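First up is the structure itself, then whatever we jot down about it.
Sequence lines set the chain letters: A, B, ... in the order given, protein chains first and strands last, and positions in each chain run from 1. From a predicted model like this one, the values you see are computed outputs, not experimental measurements.
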Amino acid sequence: MPEGPRIAFLKEQLDQFVGQPVVEAQGTAKNIPFPLLPEQTLTEIKTFGKELLLCFPDFALRIHLLFFGKYALNAELNRELQLGLTFESGTINFYACDCRYISEPLEQLYDWTTDVLHPSFDPDKALQKLLRQPKQLICDAILEQSIVAGVGNGIKNEALFRCHLHPASVVGEIPEPILKNLVRACVTFSQEYLSWKQENTPTKNWQVYQRNTCPRDLVPLRKEKLGKTKRSCYFCEKCQELYAASF
DNA sequence: GGTTATGTTATTTC
DNA sequence: AGAAATAACATAAC
């Protein structure tokens, strides 16, 4: 379900509850102190990459939707409820997700300069981190949440395509300006993805991910599980350049 | 029934 | 010890 932009969109949907106390908290999530939650006021909602952070005065709840996570706003789904929070004006229910209680200050745990959707995102830092992993394939490196938090498999494929860069390229062989472009493409695609969510426009904007034909060359796209992560790569051999190892 | 899918983390193995 | 492979979790669609 989630890449960074969808979590950012979820935050916007839930911001209406900020300032309200929890009326009821239920669910089966481990590590969540349910009896402690009622009457706590939701002070802020943050996101970090694919993580949703519900902030209360003395702690935070971290929700990660993982692969199959679902949520329902003012509705219920027919499966095990992990975490349900009822506020004065509505209810949010989370399913099939990872929930955690965080007592440490968030600034101590998160570095928002690595979050592609955060205003403080630092593209140069991301570039330097990539350069520190010269032997990795770019299709693996660009999924690393410690480098570009929020990027998932869809954004990966679209950003690589926009930069004419083959997913099996070796990081150390890619010219630096192209790597720089790739980082920038992750940011701009994520921002566009979020605005499509906000405007509720269909995902016609995906050019290669889960598609069959290259929109530029009209040749069939290749689909392969590449890299150590073995995630699906959709790419055009004709218009995405491969920078292979030179030994 | 098998495969695949927008993800991460704990455990095992080398 | 530490990197790397494997398992684990949860769910729906084809």
Check whether any side-chain N or O of [X] sits under 4.0 Å from OP1 or OP2 of [N], and answer yes or no.
{"X": "A:K50", "N": "B:dT6", "value": "no"}
{"X": "A:R231", "N": "B:dT4", "value": "no"}
{"X": "A:R100", "N": "B:dT9", "value": "yes"}
{"X": "A:K70", "N": "B:dT6", "value": "no"}
{"X": "A:Q145", "N": "B:dT8", "value": "yes"}
{"X": "A:S232", "N": "B:dT4", "value": "no"}

Round to the nearest Å and state the distance from [X] atom [atom1] to [N] atom [atom2].
{"X": "A:N153", "N": "B:dT6", "atom1": "CG", "atom2": "P", "value": "4 Å"}
{"X": "A:F48", "N": "B:dG7", "atom1": "CZ", "atom2": "P", "value": "15 Å"}
{"X": "A:Y209", "N": "B:dG7", "atom1": "OH", "atom2": "C1'", "value": "11 Å"}
{"X": "A:W206", "N": "B:dA5", "atom1": "CH2", "atom2": "P", "value": "14 Å"}
{"X": "A:L143", "N": "B:dG7", "atom1": "CG", "atom2": "P", "value": "7 Å"}
{"X": "A:K228", "N": "B:dT9", "atom1": "NZ", "atom2": "C1'", "value": "14 Å"}
{"X": "A:D140", "N": "B:dG7", "atom1": "CG", "atom2": "P", "value": "13 Å"}
{"X": "A:L65", "N": "B:dT8", "atom1": "CG", "atom2": "P", "value": "11 Å"}

salt_bridge(A:E158, A:K156) N-O dist < 4.0 Å:
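Salt bridge absent between A:E158 and A:K156.
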Any salt bridge between A:K125 and A:D111, counting N to O under 4.0 Å?
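Between A:D111 and A:K125 there is a salt bridge, with a charged N closer than 4.0 Å to a carboxylate O.
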[X] side chain to [Y] main-chain N or O, any donor-acceptor pair under 3.5 Å?
{"X": "A:D217", "Y": "A:K238", "value": "no"}
{"X": "A:H164", "Y": "A:C239", "value": "yes"}
{"X": "A:Q240", "Y": "A:C236", "value": "yes"}
{"X": "A:Q145", "Y": "A:V151", "value": "yes"}

How is A:K225 classified with respect to the nucleic acid when contacts are heavy atoms under 4.0 Å: base, sugar-phosphate, or nothing?
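Sugar-phosphate, no base atom in range.
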Just call it for A:K230: base, sugar-phosphate, or nothing, with non-hydrogen atoms closer than 4.0 Å on any strand.
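Nothing, no nucleic acid heavy atom in range.
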May I have the list of side-chain donor-acceptor pairs in residues 90-98 of chain A shorter than 3.5 Å, sequence neighbours left out?
unit_1 : atom_1 : unit_2 : atom_2 : d
A:T91  : OG1    : A:T86  : OG1    : 3.0
A:N93  : ND2    : A:A75  : O      : 2.8
A:Y95  : OH     : A:L77  : N      : 2.9
A:D98  : OD2    : A:R62  : NH2    : 2.9
A:D98  : OD2    : A:R100 : NE     : 3.1
A:D98  : OD2    : A:R100 : NH2    : 3.3

How far does the C1' atom of C:dA12 sit from the matching atom of B:dT9, given to the nearest Å?
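Going atom to atom, C1' in each nucleotide, I get 23 Å.
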Tell me whether the rings of A:Y110 and A:F48 are parallel (<30°), tilted (30 to 60°) or perpendicular (>60°).
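Taking A:F48 first and then A:Y110, their aromatic rings sit tilted (interplane angle of 30° to 60°).
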Aromatic ring centroids of A:Y193 and A:W206 under 6.0 Å?
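So the answer is yes for these two rings.
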Are A:H166 and A:F235 near enough that their ring centres are under 6.0 Å apart?
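So the answer is yes for these two rings.
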Duplex segments of DNA chain C, taken as runs of at least three Watson-Crick or G-U pairs that stay under 3.5 Å:
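Paired runs of 3+ in DNA chain C: B:2-5 with C:11-14, B:7-14 with C:2-9.
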What is the 5' to 3' range of DNA chain C, first to last nucleotide, that sits under 4.0 Å from any heavy atom of chain A?
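Under 4.0 Å from chain A, the extent on DNA chain C is C:dA10 to C:dA12.
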